[in-house]
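Residue numbers start from 1 in every chain, and the chains themselves are labelled A, B, ... in the order their sequence lines are given, proteins ahead of strands. In what follows, every heavy atom counts, from backbone to side chain, and hydrogens, waters and symmetry copies are set aside.
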Amino acid sequence: MRRFYATTPIYYVNARPHIGHAYCTVVADCARRYEQLRGASTYFLTGSDEHGQKVQEAADKRGMNPQAHVDELHRAFLTLWPELHCLPDQFIRTTEARHRHVVQRALQQLFDAGLIEARVFEGWYSTAAERFWTEKDLVDGKCPDTGQAVVWLQERNYFFLMSRYQQPLIEALQSGTMRILPANRANEVLGFLREPLQDLCISRPKSRLQWGIELPFDRDFVCYVWFDALLNYVTAIGGLGAEAENRALLPEALQPESEGGRGSFATWWPSVTHFLGKDILTTHAVYWPTMLMALGLPIPRTLVVTGWWLMGDAKMSKSLGNVVDPLDLGRRHGMERLRFFLLREMAVGQDANFSEEALIRRANTELANDLGNLLQRVTTLAHRSFGGLVPAPTPADGAARPLSPALRSAIAMGRYLVGDEATGWGAAAADADPGQALPITRNLDEARLHSVLADAMALVGRLNAALSADAPFKTVKDDPVTAANTVYHVLEGLRVAATLLWPAIPVAAEDVLRRVGWHGPVPLLASLRWGDLPAGQELPPIGAPLFARIEALPPPAPAAVVDAPLTATSISTAPAAEGEVAGPPIIGYEAFAALDLRVGVVLQAEAMPKSNKLLRLQVDLGPLGTRQILAGVALHLTPKQLVGTRILVLANLAPRKLMGQESQGMMLLAEGPDGVLLPMRPDGEAPAGSRVS
RNA sequence: GGCUGGGUAGCUCAGUUGGUUAGAGCAAACGACUCAUAAUCGUUAGGUCGUGGGUUCAACUCCCACCCCAGCCA
């Protein structure tokens with residue numbers, strides 16, 4: 001039985017979840033689902049890392065007990081995963097007693113074996129980075145990582161004799177006992193290992209840090225947070241003596257296989273794939289396997305190292321003051337779209353740029369136009385011309401006319417992808433090494449999830465082409481048999497594509513399967529055969545589009561507008577100074593369409609107390625309700641000039657507090673020749689709330 | 001400063017052991033179609049393959065130097 005134990009890093013619960021957390025978990029969840037399609041027995045672990053200095057400090061700052069603090073934050077992570085359609089089997093927390101016991105047993109075992117020893121150590125200590133630096137590491141006498149102050153400390157500490165395992169680790173990497181994907185990351189680790197490996201300080205004196213797991217052999221110290229954290233992968237599945245406690249704690253999940261459960265440590269270890277970001281490569285590729293070697297346990301089989309999402313021009317984001325949270329985008333545009341974007345846009349291991357535009361583009365072109373629209377057009381055909389049933393394909397040896405090249409090409413690709421060689425890719429499949437894996441599984445074994453998705457979408461592309469080339473909607477009158485054949489194969493192709501896409505977009509894929517008349521569970525790859533979709537099945541009624549196109553681009557907020565005063569926009573009549581580019585850059589229509597400009601009727605206007613510039617307006621925006629808008633026009637306009645009149649308002653500007661009051665929009669103004677600000681007003685009868693475009 | 005990886009079409013990237021006209025998707029232009037979500041299909045256009053040298057009959061591919069980007073290490 002193929003086994004696949006997937007882990008994410010346990011996330012440091014010092015801040016709320018961000019895109020990096022979400023991405024790594026989605027990749028692990030997707031990889032795990034692909035393994036399920038391969039028929040593997042799988043287990044998926046995530047969790048939270050709750051010890052360490054930063055947690056203690058954050059709790060202190062809030063005047064809270066650290067445990068109460070982490071209890072609160074871990075909930076934010078716990079609830080995020082179902083929302084992202086990620087289904088971990090277990091969510092472990094390093095503050096759990098069972099984990100404390102594992103860490104202490106591990107420490108004691110290493111100590112007893114003489115693999116942990118006490119040494120006196122001195123150096124510059126950075127509280128912010130939780131580590132010592134040597135004199136020459138310092139930048140301007142400060143911590144090179146955080147720029148914070150450092151103090152000279154001399155202390156006794158305990159060291160794990162990691163250096164002893166340098167050579168075994170090199171051999172494990174070179175032999176492939178532990179694989180690191182993508183492969184260039186393995187080179188990076190081997191490069192790191194060309195230098196002598198240091199021993200690892202695994203203690204922190206309680207005088208500095210209390211929030212951690214106590215060393216069993218010296219109660220004046222707590223354990224270094226990484227030594228503690230990495231062991232979670234073992235605790236969760238019952239290693240190092242955690243089995244009994246797990247059994248009490250996780251009744252339905254981790255019973256030994258002999259008792260009908262899903263297995264325990266012996267089942268899952270070391271068939272593990274650790275998913276992690278490239279920033280924690282050293283801890284996972286060096287500390288962790290050497291710890292395991294010292295403990296006499298097998299080292300992990302695979303590490304998958306993911307890249308970072310770059311959020312574009314950081315300066316821009318900062319000046320906007322409203323960095324777009326990708327998870328909010330997921331909530332706004334749909335989590336399946338976010339999952340698909342994350343998995344499709346970035347090659348696993350590479351960096352990629354995150355932007356709302358890219359997310360919308362990807363969702364519109366591939367999910368709405370290609371996949372969703374194909375489903376819509378073919379099910380419409382089946383309903384209109386074939387009585388809402390899956391039509392019968394022409395038998396392969398039938399006397400009917402040969403398949404069109406476009407349809408043949410689509411079928412061939414589908415068969416190739418799922419390894420259905422019976423009548424498949426012709427010579428290419430026949431000549432292939434019989435032991436060679438399917439293209440899908442070859443990609444999966446190298447963690448190239450993006451390539452698998454690209455293959456699935458290529459199949460969708462060929463199905464669209466086949467449907468256009470064969471035009472059954474046209475030919476059905478004269479040649480219903482051939483038309484039926486085309487419609488059948490497009491439905492079947494959608495079944496195959498949906499299966500291949502299921503790990504990325506499980507909810508949508510299951511919907512596709514249902515809509516093409518497939519009533520069984522998601523097929524396993526091994527049993528996925530072209531032609532298994534039974535003819536004559538009743539199709540459900542044509543529903544709403546699978547993925548509606550996202551039409552309007554939400555605010556990209558052009559710099560020119562952002563930099564303007566917050567309460568009023570000014571259109572200067574002054575000519576551009578010499579040598580300056582005249583005016584802001586040219587923008588596309590989308591940028592303009594993102595502005596929600598409205599006609600507003602001023603219901604009230606009054607001077608703001610203690611301000612000589614601000615007026616506080618209550619503006620009726622019709623369907624948008626009444627907004628409070630603060631406008632810096634008191635020197636130019638009196639409340640009387642505004643009450644009861646109509647003005648133009650930018651309604652979707654991020655709210656902003658001024659002088660203790662919230663401004664929920666911006667009044668549009670132009671600057672007159674003498675510097676006087678003039679309100680922009682609609683000409684005619686446009687009612688409150690009507691859209692300006 | 002050392003090491004690793006990268007610099008290929010407007011954008012994001014493929015390019016196998018050097019070998020014909022350097023590919024794909026998106027964006028663009030034109031055309032087709034009308035079953036479909038202003039979708040789909042087809043065609044076209046667009047590249048001194050970071051810079052400069054070198055090896056070779058032949059270089060995106062190999063070698064040297066340099067520049068730029070990212071990461072790791074110090």
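Distance from the side chain of Thr380(A) is smallest to C35(B) among A27(B), C35(B), U34(B). Comparing C41(B), A36(B), G71(B) by their nearest atom to the side chain of Gln376(A) picks out A36(B). The listed nucleotides are U37(B), A36(B), C73(B); the one nearest the side chain of Leu546(A) is U37(B). With G71(B), C41(B), C26(B) as the choices, the nucleotide that has an atom nearest any side-chain atom of Ser468(A) turns out to be C41(B).
With respect to Asp328(A) and Arg332(A), no salt bridge is recorded, no charged nitrogen being found less than 4.0 Å from a carboxylate O. By the 4.0 Å N-to-carboxylate-O rule, Arg204(A) lies too far from Glu155(A) to be salt-bridged with it.
Note that CG of Asp199(A) is 3.5 Å distant from OG of Ser163(A), once rounded to the nearest 0.5 Å. Between His284(A) atom NE2 and Ile280(A) atom CD1 the span is 4.5 Å, to the nearest 0.5 Å. Considering CD1 of Ile299(A) and CE of Met293(A), their distance stands at 4.5 Å, rounded to 0.5 Å.
For the pair Phe473(A) CZ and C41(B) P, the computed distance is 12 Å after rounding to whole Å. Atom pair Asp279(A):CG and C72(B):P shows a separation of 8 Å (rounding to whole Å applied). The CD atom of Glu366(A) sits 15 Å away from the P atom of C13(B) (whole-angstrom rounding). Between the CD1 atom of Ile360(A) and the P atom of A27(B) there is a distance of 14 Å, given to the nearest Å. Whole-Å rounding puts the Phe341(A) CZ to U12(B) P distance at 12 Å. Note: CG (Asn364(A)) to C1' (U37(B)) measures 9 Å, nearest angstrom. Rounded to whole Å, the distance from CE on Met346(A) to C1' on A14(B) is 18 Å. The distance between atom NZ of Lys278(A) and atom P of G71(B), rounded to the nearest whole Å, is 6 Å.
Counting any heavy atom pair closer than 4.0 Å across all strands shown, Asn464(A) reaches sugar-phosphate atoms only and no base atom. Within 4.0 Å of Arg384(A), counting heavy atoms only, lie sugar-phosphate atoms of the nucleic acid but no base atom. Using a 4.0 Å heavy-atom cutoff across all strands shown, Gly461(A) reaches sugar-phosphate atoms only and no base atom. Looking at heavy-atom distances under 4.0 Å, Leu374(A) makes no contact with the nucleic acid at all. Here Ala368(A) lies in heavy-atom contact (under 4.0 Å) with a base.
When each of Asp511(A), Leu491(A), Val496(A) is tested with Val516(A) by the rule side-chain contact (heavy atoms from CB on, under 4.5 Å), just one qualifies, namely Leu491(A).
Under the Watson-Crick and G-U wobble criteria, each requiring two contacts below 3.5 Å, nucleotide C35(B) is left unpaired. Remark: G10(B) base-pairs with C26(B). Criterion, Watson-Crick or G-U wobble with two distances under 3.5 Å. Remark: A65(B) base-pairs with U51(B). Criterion, Watson-Crick or G-U wobble with two distances under 3.5 Å. If you check U56(B) for Watson-Crick or wobble pairing at under 3.5 angstrom, you find it has no partner at all. Remark: G1(B) base-pairs with C73(B); criterion is Watson-Crick or G-U wobble with both hydrogen-bond distances under 3.5 Å.
The aromatic rings of Phe341(A) and Phe354(A) stand perpendicular to each other, their planes meeting at an angle above 60°, with 30° marking the opposite boundary.
Taking atom P on both nucleotides, G46(B) is separated from G10(B) by 11 Å, rounded to a whole Å. U17(B) and G42(B): their P atoms are spaced 32 Å apart (whole Å). Nucleotides C11(B) and C3(B) place their P atoms 31 Å apart, quoted to the nearest Å. Comparing the same atom, C1', in U16(B) and in A22(B) gives a spacing of 14 Å after rounding to whole Å. Nucleotides U44(B) and C64(B) have their P atoms positioned 41 Å apart, rounded to a whole Å. Rounded to a whole angstrom, the distance from the C1' atom of U37(B) to that of A45(B) is 29 Å. Spacing between G50(B) and U34(B) at atom P, rounded to whole Å, works out to 46 Å. On the C1' atoms, A9(B) is 23 Å away from G18(B), given to the nearest whole Å.
Each of Thr282(A) and Ala469(A) lies near RNA chain B, and the nucleotide nearest Ala469(A) is the one positioned closer to the 5' end. Across the interface with RNA chain B, nearest-nucleotide mapping of Arg361(A) and Asp370(A) shows Arg361(A) to be the residue nearer the 5′ end.
Note on Arg549(A): every side-chain N or O is 4.0 Å or more away from OP1 and OP2 of A38(B). The shortest distance between the side-chain N/O atoms of Arg377(A) and the OP1/OP2 oxygens of U34(B) is not below 4.0 Å. In this structure, Asn369(A) reaches the U40(B) phosphate: one of its side-chain N or O atoms is under 4.0 Å from OP1 or OP2.
Put simply, the side chain of Glu345(A) never gets that close to the backbone of Ala358(A): no donor and acceptor are under 3.5 Å apart.
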